[in-house]
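Here the structure is a predicted model, which is why all the values come from computation and not from measurement. Chain letters run A, B, ... following the sequence lines, proteins first, then strands; residues in each count from 1.
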There are 2 protein chains.
Amino acid sequence: MQQCCNNIFMKQFRNTTAKTTILNVLKNAEAALSHAELLTLTNGVCDRVTIYRVLERLVNEDNVHKVVTSDGIIKYAACNHSAHHSHDHVHFNCEKCKTTTCIEMVLPVIQLSNDYTVKSFNFTVTGICPKCN
Amino acid sequence: MQQCCNNIFMKQFRNTTAKTTILNVLKNAEAALSHAELLTLTNGVCDRVTIYRVLERLVNEDNVHKVVTSDGIIKYAACNHSAHHSHDHVHFNCEKCKTTTCIEMVLPVIQLSNDYTVKSFNFTVTGICPKCN
DNA sequence: ATATTATTGCAACATTGTTGCATTAACAAA
DNA sequence: TTTGTTAATGCAACAATGTTGCAATAATAT
């Protein structure tokens, strides 16, 4: 009945097996995953190209957010739609286990002069995580 | 006379035209530059591969630092060896003019629990820069 | 001027990301 | 349940980015 129009161009999104699989892998993951990691973890459920396209959609739908590590590797993490949810949180990149994890509780404080318009930020801290310490 | 050993493996660095050209381009640049931008700005002074290798050396020698934008694009900026010099400063990424600039004066403040060991960070703020505002 | 070896260029390769198009399959409506 | 529409997929082909091996070159100490 009710048509589900969840983007501004009124183009319907569909729930496909590729999409649900990828989202589940991300939800069950302890850390953010790269495209290459998702390719192996989804175990051939879909093509390499499809993963790129599904990730793009998931980000647009606000179900997944994109993280860039200090090495420039792009990773994806399922959004935690809790009270404190925001894409603008700190990410921690462990040198040892190479994982990238969300730290939603810690907010960075900076003071830029007011001729800058701030829209978003990417804050990745590198070091050793609690598990490896 | 005096042998110049500026890396831990006692391997001498040499000042080549490629290296000095690339460093000069970076020093004269208003913003951080990507590999592709350096390729055109150096105007064929050396091979594509050489630029990768020179940049690696310049980073090791602490003359250049690496910045990762929110889009995952790796850029390089000449280090400002002043009193406040540190690689761990904020970078601003303008959505309009696509430039990435160092903001050395602003230090971010975060409070991680002490089971994290912090070694470095990459903090890129995206928005509109003063020139475009 | 010479010997040593860091650096370069080139070719070849690996990885990552993009695009076009015919086919498939999700979903709304009948 | 069946059908029509079209979002999503797979595949191939491509573009961009980054890496490696090796012979030739050139920077530096002597």
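- Rounded to an integer number of Å, the gap from B/Leu55 CG to C/dT7 C1' is 14 Å.
- Side chain to side chain, B/Ser70 and B/Thr126 meet the donor-acceptor criterion of an N or O pair below 3.5 Å.
- No donor-acceptor distance shorter than 3.5 angstrom exists from the side chain of A/Asp71 to the backbone of A/Ile73, with no hydrogens or angles considered.
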Working for salt bridge (Lys or Arg N to Asp or Glu O under 4.0 Å), residues B/Glu37 and B/Lys98: CA-CA 12 Å; B/Glu37 288 166 328; B/Lys98 307 285 177 196; over 6 Å; no
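- Residue B/Phe13 contributes atom CZ, which lies 17 Å from atom C1' of D/dA29 at whole-angstrom precision.
- Straight-line distance from the CD atom of B/Gln12 to the P atom of D/dA26: 19 Å, rounded to whole Å.
- Listed nucleotides: D/dA29, C/dT8, C/dC10. Nearest to the side chain of B/Asp47: C/dC10.
- To the nearest angstrom, P of C/dA6 lies 15 Å from CG of B/Asn60.
- Put simply, the side chain of B/Arg14 and the base of C/dT5 share a donor and an acceptor less than 3.5 Å apart.
- A donor-acceptor contact shorter than 3.5 Å is absent between the side chain of B/His91 and the backbone of B/Asn122.
- Using cut-offs of 30° and 60° on the angle between ring planes, the pair B/His89 and B/His65 is perpendicular.
- Between B/Leu39 atom CG and D/dT17 atom P there is a gap of 10 Å when expressed in whole angstrom units.
- Near DNA chain D, defined here as any heavy-atom distance below 4.0 Å, the residues from residues 15-25 of chain A are A/Thr16, A/Ala18, listed numerically.
- Relative ring orientation between A/Phe123 and B/Phe123 is described as parallel, the plane-to-plane angle staying below 30° on a 0-90° scale split at 30° and 60°.
- Of the charged side-chain nitrogens involved, at least one lies within less than 4.0 Å of a carboxylate oxygen, so that A/Lys19 and A/Glu61 count as a salt-bridged pair.
- Within a 6.0 Å sphere centred on CD of B/Glu56, other residues, nucleotides and ligands contribute 12 heavy atoms or fewer.
- Rounded to whole angstrom, the span from the CD atom of A/Glu56 across to the P atom of D/dT9 amounts to 12 Å.
- When B/Thr124, B/Thr99, B/Thr100 are each tested for a side chain to side chain donor-acceptor pair (under 3.5 Å) with B/Asn93, only one passes: B/Thr100.
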Under 4.0 Å protein heavy-atom contacts per nucleotide of nucleotides 14-22 of chain C, with B for base, S for backbone only and - for none: --BBBBB--
